[in-house]
Amino acid sequence: MYSGILSGGISGRTGPHSLPLARIKKIMKRSGEDVKMISGEAPIVFSKACELFIEELTVRAWMVTLQGKRRTLHKEDVMAAVSATDIFDFLVELVSVSNDHATALPSSHDLVFET
């Protein structure tokens, strides 16, 4: 399985990685002072893990969308999927609801990216 990830994907998928490996490596290095050297393969594995995570969360959020008889996935659907799934407990604070309005998922203009 590991060799499949390094060669471009699993389940027959091939091609370039859709997530920027340099950005992943930068995040990995920022995770702790002790992380100094990272092999070339490690960001590839993280990239695939991120893709799988996004796919899984999207599928669960889409199920919420369909239950609401809608065809457009909204951030509230993501919030509901996170709240309903134990494996996403680490995201609960990110998507928590405060009072009457959702405060969790920032809009794109609220995000700050380091360069």
Side-chain angles (χ1 to χ4, degrees):
M1 178 147 159
Y2 180 72
S3 61
I5 292 171
L6 293 179
S7 66
I10 22 186
S11 6
R13 296 183 202 164
T14 58
H17 302 281
S18 59
L19 299 174
L21 298 179
R23 179 73 176 131
I24 292 170
K25 192 169 185 176
K26 187 175 186 178
I27 292 167
M28 291 171 71
K29 284 187 174 183
R30 205 178 59 206
S31 68
E33 292 179 12
D34 296 335
V35 180
K36 294 184 185 348
M37 298 296 289
I38 298 170
S39 73
E41 294 94 2
I44 295 170
V45 175
F46 271 88
S47 174
K48 188 61 186 176
C50 289
E51 289 177 27
L52 294 172
F53 171 75
I54 292 167
E55 288 175 12
E56 180 66 24
L57 185 53
T58 301
V59 166
R60 290 174 185 265
W62 183 247
M63 287 189 284
V64 173
T65 302
L66 293 178
Q67 287 172 353
K69 300 186 185 328
R70 291 177 285 106
R71 302 280 302 155
T72 303
L73 192 146
H74 297 281
K75 70 178 180 179
E76 292 80 13
D77 301 323
V78 177
M79 293 166 60
V82 166
S83 297
T85 309
D86 289 344
I87 61 171
F88 297 139
D89 280 352
F90 69 99
L91 294 173
V92 169
E93 287 185 29
L94 177 68
V95 298
S96 64
V97 177
S98 170
N99 298 331
D100 295 306
H101 62 289
T103 61
L105 296 179
S107 64
S108 58
H109 69 282
D110 293 330
L111 297 176
V112 177
F113 297 96
E114 292 182 1
T115 55

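All figures in this text were calculated on a predicted structure; none of them were measured in a lab. Residues take their numbers from the sequence shown, with the count starting at 1.
When all heavy atoms of P43 and L21 are compared, the pair lying nearest together is O-CD2, 3.6 Å. What you find for V64 and A80 is that their closest heavy atoms are CG1-CB, 3.9 Å. Closest of all the heavy-atom pairs between E56 and F88 is CG-CZ, 4.1 Å. Shown here for L57 and A81, the closest heavy-atom pair between the two residues is CD1-CB, 4.2 Å. Counting all heavy atoms, side chain and backbone alike, R30 lies closest to R23 at NH1-NH1, 3.9 Å.
The structure places CD of Q67 at 12.0 Å from CH2 of W62, a figure rounded to the nearest 0.5 Å. K48 contributes atom NZ, which lies 8.0 Å from atom OG of S18 (distance to the nearest 0.5 angstrom). Taken from NZ in K25 to CE in M28, the straight-line distance is 8.5 Å, to the nearest 0.5 Å.
Under the 4.5 Å side-chain heavy-atom criterion for Ile, Leu, Val, Met, Phe, Trp and Tyr, I87 and V92 are members of the same hydrophobic cluster. Two different hydrophobic clusters hold V82 and M63 under the rule that ILVMFWY side chains link at heavy-atom gaps under 4.5 Å. Hydrophobic clustering (side-chain heavy atoms under 4.5 Å, transitive across Ile, Leu, Val, Met, Phe, Trp, Tyr) keeps V59 apart from L91.
With hydrogens and angles ignored, the 3.5 Å screen pairs no side-chain donor or acceptor of K69 with any backbone N or O of L66. Side chain of S83 to main chain of M79: a donor-acceptor pair is present (N/O by atom type, distance under 3.5 Å, no hydrogens or angles).
Between T65 and the choices T58, T72, D77, the side-chain hydrogen bond (donor to acceptor under 3.5 Å, both in side chains) rule is met once, by D77.
Checked against a 6.0 Å centroid threshold, the rings of F53 and F46 do not count as neighbours.
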